[in-house]
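Working notes, beginning with the structure itself.
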Amino acid sequence: MTAVNAELTRAIGAAIRPSSRKIDFSHRAVDRCAFNPSFERRSLQAVGVTGADGSGSVDGSSGGLTYKDAGVDIDAGTELVRRIAKMAPGIGGFGGLFPLGDSYLVAGTDGVGTKLKLAFETGIHDTIGIDLVAMSVNDIVTSGAKPLFFLDYFATSHLDVDLAEKVIRGIVDGCQQSDCALLGGETAEMPDFYAEGEYDLSGFAVGIVKKELVIDGNNIVAGDVLIGLPSSGVHSNGFSLVRRVLDRSGLSLKNQLPGNDLTLGEALMAPTVIYVKQVLDIVGKGGVKGIAHITGGGFTDNIPRVFPKGLGAAIYNNSWEAPPVFKWIQEAGNIEDAEMRRTFNMGIGMVLVVPKEVGRRIVEDGEHKACLIGEVVGTEGVSYL
């Protein structure tokens, strides 16, 4: 072990030890339900049905920026998953399930994508680790699994111990929010591989759930309702498009977000909400049939992943208030509604599918700032009412 790595290990050990340091969770999602809608069945006259390509139009044409313009092809990613599933059946869920006695171990892995570029530009490194933990633990909790432990991978050309310690402290914070252990990790110093001052991150989480309690969506039926848990903002997906919009706008990350007291950098770097405790609390009270983590692909691609064949989602327009950063992204990038919905979470980071009476209980309870955002219908795809 080099002297530099030894110093980082010492710093990580200090970060993991219990501390009286008060953690600021003010970045967490706020109550953005626009109204308390009736749970009586609504008219199912869709005003916008998302096309197969997510464009909302037959040819997918758009006058504004798209995620694909920014270099990310969601359809190519979906095709790769389809091909992998042929080689390894069972791939394609939010987490991978491995049988262990009367339980399943549930595993997930992810990174934070090009949000790292904004971390480099803003110098905000102490919350990017929260994003890293969130992306994996939010995936595995969709099966009803309680996270057990987390592992991280930190790679850079030249190890800056002070910077790395800030990143790891964020990871520790994320693990505390998830009630899971930071079990270990790998620090890779790779000269000439990354630009000076830059690094890459990956995370890996493992959880556990009893076999009879696993949430798999198989018993979802038309008439069930969709309950949304609010996001803190963009979370950790869509940043290639965000960066393209920022370039087009002529603004910098130090400029104020229009109509807000935050800078663009602060709004965009708001850490991903970790939903573990909220979701497990709701699951523990019964009635949850399916859970979707809203990441890349937005509602369009993620909600249908939990449905049995033949079912789809009808989303109630204006049933929650999206954080102001999304309005700025859409206007500055001249981005169509359908493209926004397929790229970003739009203010809802987790969706739970429950019977109507359970949905009423969750919303009226008010504890988790949950919103009734739609219902399950007998037509595949995602439509907007």
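Atom CD of Glu212 has more than 12 neighbouring heavy atoms from other residues, nucleotides or ligands inside a 6.0 Å radius. Lys211 NZ: more than 12 foreign heavy atoms inside a 6.0 Å radius.
Taking the six-membered ring where the residue is Trp, the centroids of Phe299 and Trp320 are separated by under 6.0 Å. Between Tyr194 and His158, a ring centre-to-centre spacing not shorter than 6.0 Å is recorded. In this structure, Tyr384 has its ring center at least 6.0 angstrom away from the ring center of Tyr316.
Among residues at least two apart or in separate chains, side-chain hydrogen bond (donor to acceptor under 3.5 Å, both in side chains) pairs with a member in residues 94-110 are Asp102-Lys210.
Residues Leu372 and Leu226 are not in side-chain contact: their nearest non-hydrogen atoms beyond the backbone lie 4.5 Å or more apart. A heavy-atom distance below 4.5 Å is not found between the side chains of Val209 and Lys146.
Look at Asp301 and Arg341 and you find no salt bridge, because none of the NZ, NE, NH1 or NH2 atoms lies under 4.0 Å from a carboxylate O. Between Glu198 and Lys117, at least one side-chain N (NZ, or NE/NH1/NH2) sits under 4.0 Å from a carboxylate O, which counts as a salt bridge. Electrostatic pairing of Lys277 and Asp179 does not count as a salt bridge here, judged by no charged N lying under 4.0 Å from a carboxylate O. By the 4.0 Å N-to-carboxylate-O rule, Arg82 lies close enough to Glu79 to be salt-bridged with it.
With sequence neighbours excluded, the residues satisfying salt bridge (charged side-chain N to carboxylate O under 4.0 Å, His left out) with Lys285 are Asp281, Glu367. For His368, there are no ring-ring contact (aromatic ring centres under 6.0 Å, His included) partners two or more places apart in sequence or in a different chain.
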Requested in this report: Go through the steps to decide whether Phe344 and His235 satisfy the test ring-ring contact (aromatic ring centres under 6.0 Å, His included), and finish with yes or no.
Outcome: CA-CA 9 Å; Phe344 301 109; His235 282 182; over 10 Å; no

